[in-house]
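Report on one structure; see the data block that follows.
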Number of protein chains: 2
Amino acid sequence: MARAKKIPSTTVSRLSVYVRALQKLRNEAVVTTSSEKLAEQVGLTAAQIRKDLAYFGQFGVPGRGYYVENLHNELAMILGINRRWEVALAGVGHLGYALLAYNGFKKQGFDVVVAFDKDPAKIGQTWEGVKIYDIAEARHVLPECGAEIGIIAVPAASAQEACDALVAGGLKSILSFAPGRIIVPPDVTVKRVELAMELEWLSYYATNIGERG
Amino acid sequence: MARAKKIPSTTVSRLSVYVRALQKLRNEAVVTTSSEKLAEQVGLTAAQIRKDLAYFGQFGVPGRGYYVENLHNELAMILGINRRWEVALAGVGHLGYALLAYNGFKKQGFDVVVAFDKDPAKIGQTWEGVKIYDIAEARHVLPECGAEIGIIAVPAASAQEACDALVAGGLKSILSFAPGRIIVPPDVTVKRVELAMELEWLSYYATNIGERG
DNA sequence: GGGAATATGTGAAAAAGTTATCAAATAACC
DNA sequence: GGTTATTTGATAACTTTTTCACATATTCCC
Ligand SMILES: NC(=O)c1ccc[n+]([C@@H]2O[C@H](COP(=O)([O-])OP(=O)(O)OC[C@H]3O[C@@H](n4cnc5c(N)ncnc54)[C@H](O)[C@@H]3O)[C@@H](O)[C@H]2O)c1
Ligand SMILES: NC(=O)c1ccc[n+]([C@@H]2O[C@H](COP(=O)([O-])OP(=O)(O)OC[C@H]3O[C@@H](n4cnc5c(N)ncnc54)[C@H](O)[C@@H]3O)[C@@H](O)[C@H]2O)c1
């Protein structure tokens, strides 16, 4: 359990990729696989996969490969997804509603259990089985409902304010869809998803053809 | 124009960050800035910024710094966002509708001009001023409407099929929200946004406290 | 049980990316 | 106009990440 080395953030991201590939194999009733086969499946190199796994221990059988179910369970435990996570949503607008209505997260163990907004027309309602509270109540509501992860889907101008409310409620992990930096205490982790930046990335490679591929 | 070195993908992503920071400064009527000030603004090091810019040329004035407007224009040109991009949307479900209704992209020059779906109840309708066509018509509709970037917001099981349709319509740049790999010809660039993976990333750091921060 | 085949885990090499350093260039000031 | 203070751009040093290569462990099969 006591891991010496610092784990690269890219390795953590790839762990998710491996988990998904293993889920697929498990669904297909495949019992064993190898770093080589996995590499082909996910589009990476075998060495990369073995190196990533080596940060966390030894999961394979030389001459045989990996037992799909076993490796899946190990990686799920490492990622902390061998459990259910309760998620709080701030901002039930267009994007927020799409997230609420999406059942793909629940399938992966992420369950939106409470929502917050600022709009009086929405506060008090229940959408998709999730009750919407006033964001000002977050600091009181959150500690009671057990949510540990927050999602911010409010306009950029309100993002800092909404984030502060979630942090005041005790959340330490936040996924934000709002463009722009959010300031949080050092013990809070924020992951941003900036869709405009993804489009700009595509724009770059579309404009400068031949730099990739 | 003829750049010798290969540009790191991370540099391209940071270019977007710089552009946003410069936009902000321009709105505040700031005329000049420096790598040092920019670094503080975006949370990077000054050396990193100068290095990134150096891939593309010389934009600064020693002893003075950078002219905000000038640098913004240069970076916008490099990223290819000094123009309007027409975007095609495949899948007008919960997420697709949120994207359609979002005006933030248009502000950055990305304009959804056409949508595709498979659901007969949606085909033929016009939502948010955007007409929804049968995805099967994509190969005929796309060449006429000028869209160059595609966004995939269909269920994972249909993602490959929808992508094939967009590619058949001539698109070479695609942003996909569907989980899982999509196979495309080598001249097509796909950027995936996997929200479940972002949540798993948060789960990891929430589970293994103290590995970051 | 032994030998061939296979695929891991790991240390070393290579590549990529980031940070530090500094000479050269420019501006501001007197 | 010359001196000083800045800040760039480039190079060098360093760090991180990826790839390579192979000894080692295990299975499979005869
Ligand atoms: N819709 C998209 O497709 C899309 C795409 C990329 C990024 N985003 C980003 O996601 C965020 C949400 O986008 P949207 O389109 O859903 O916006 P929206 O305007 O549809 O919804 C925003 C919601 O947040 C609520 N809100 C506002 N201030 C609040 C506060 N302080 N606390 C709690 N709730 C508050 C509003 O009442 C509203 O319900 C924005 O930051 C946007 O930039 C959205
Ligand atoms: N909704 C979310 O918040 C969310 C979050 C993360 C990822 N995603 C992903 O985004 C995608 C869309 O999610 P959603 O919630 O909007 O789904 P949805 O079911 O609400 O909408 C899907 C839409 O795609 C259409 N469609 C199905 N097959 C098609 C095809 N072959 N061609 C064209 N259109 C087709 C459907 O008619 C429907 O309108 C999914 O892949 C999902 O995994 C969604």
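Letters A, B, ... mirror the listed sequences (proteins, then strands); counts begin at 1.
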Look at [X] and [N] and indicate whether a side-chain polar atom (N or O) is within less than 4.0 Å of OP1 or OP2.
X     : N      : value
B:Y55 : C:dA16 : no
A:Q58 : D:dA25 : no
B:Y66 : D:dG9  : yes
A:Q48 : D:dT19 : yes
A:T45 : D:dT19 : yes
A:S34 : C:dA7  : no
B:R14 : C:dT18 : yes
A:R64 : D:dA25 : no

Margin query: Measuring only between side-chain heavy atoms, which start at C-beta, is B:L175 closer than 4.5 Å to A:L202?
Written below: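 When only atoms from C-beta onward are counted, A:L202 and B:L175 do touch, with a gap below 4.5 Å.
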
Would you kindly give the [atom1]-to-[atom2] distance between [X] and [N], to the nearest whole Å?
X     : N      : atom1 : atom2 : answer
A:E74 : C:dT8  : CD    : P     : 16 Å
A:I49 : C:dG9  : CD1   : P     : 12 Å
A:K37 : C:dT8  : NZ    : C1'   : 13 Å
A:Y67 : D:dT26 : OH    : P     : 12 Å
A:K6  : D:dT17 : NZ    : C1'   : 11 Å
B:L53 : C:dG17 : CG    : C1'   : 16 Å
B:K51 : D:dT11 : NZ    : C1'   : 8 Å
B:L38 : D:dT7  : CG    : C1'   : 13 Å

Note to self: Over all strands shown, is A:R50 touching base, sugar-phosphate only, or nothing at heavy-atom distances under 4.0 angstrom?
What the structure shows: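 Base, at least one base atom sits under 4.0 Å.
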
Check: At under 4.0 Å between heavy atoms, what does A:T11 touch on the DNA or RNA strands: base, sugar-phosphate, or nothing?
Finding: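 A:T11: no heavy atom of the nucleic acid under 4.0 Å.
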
Margin query: Of the listed nucleotides (D:dT17, C:dT26, C:dT8), which one gets closest to any side-chain atom of A:P62?
Written below: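 So the side chain of A:P62 is nearest to C:dT8.
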
Check: Does a side chain donor of either B:D164 or B:Q160 reach within less than 3.5 Å of an acceptor in the other side chain?
Finding: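 Side-chain D/A pair, B:D164 to B:Q160: present.
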
Check: Regarding B:W201 and A:T189, is there a side-chain donor-to-acceptor distance under 3.5 Å anywhere?
Finding: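 A:T189 and B:W201 do not have a side-chain donor-acceptor pair below 3.5 Å.
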
Notebook entry, point to check: Can any side-chain N or O of A:S34 pair as donor or acceptor with the backbone N or O of A:K37 at less than 3.5 Å?
Noted result: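 Side chain of A:S34 to backbone of A:K37: a pair is present.
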
Next item on the list: Determine yes or no for a side-chain-to-main-chain donor-acceptor pair under 3.5 angstrom, with B:R20 supplying the side chain and A:G180 the backbone.
Entry: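 Not a single qualifying donor-acceptor pair exists.
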
Next item on the list: Nearest-nucleotide wise, let me know which of A:A54 and A:G63 is further upstream toward the 5' end of DNA chain C.
Entry: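 Whichever sits nearer the 5' end wins; that is A:G63.
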
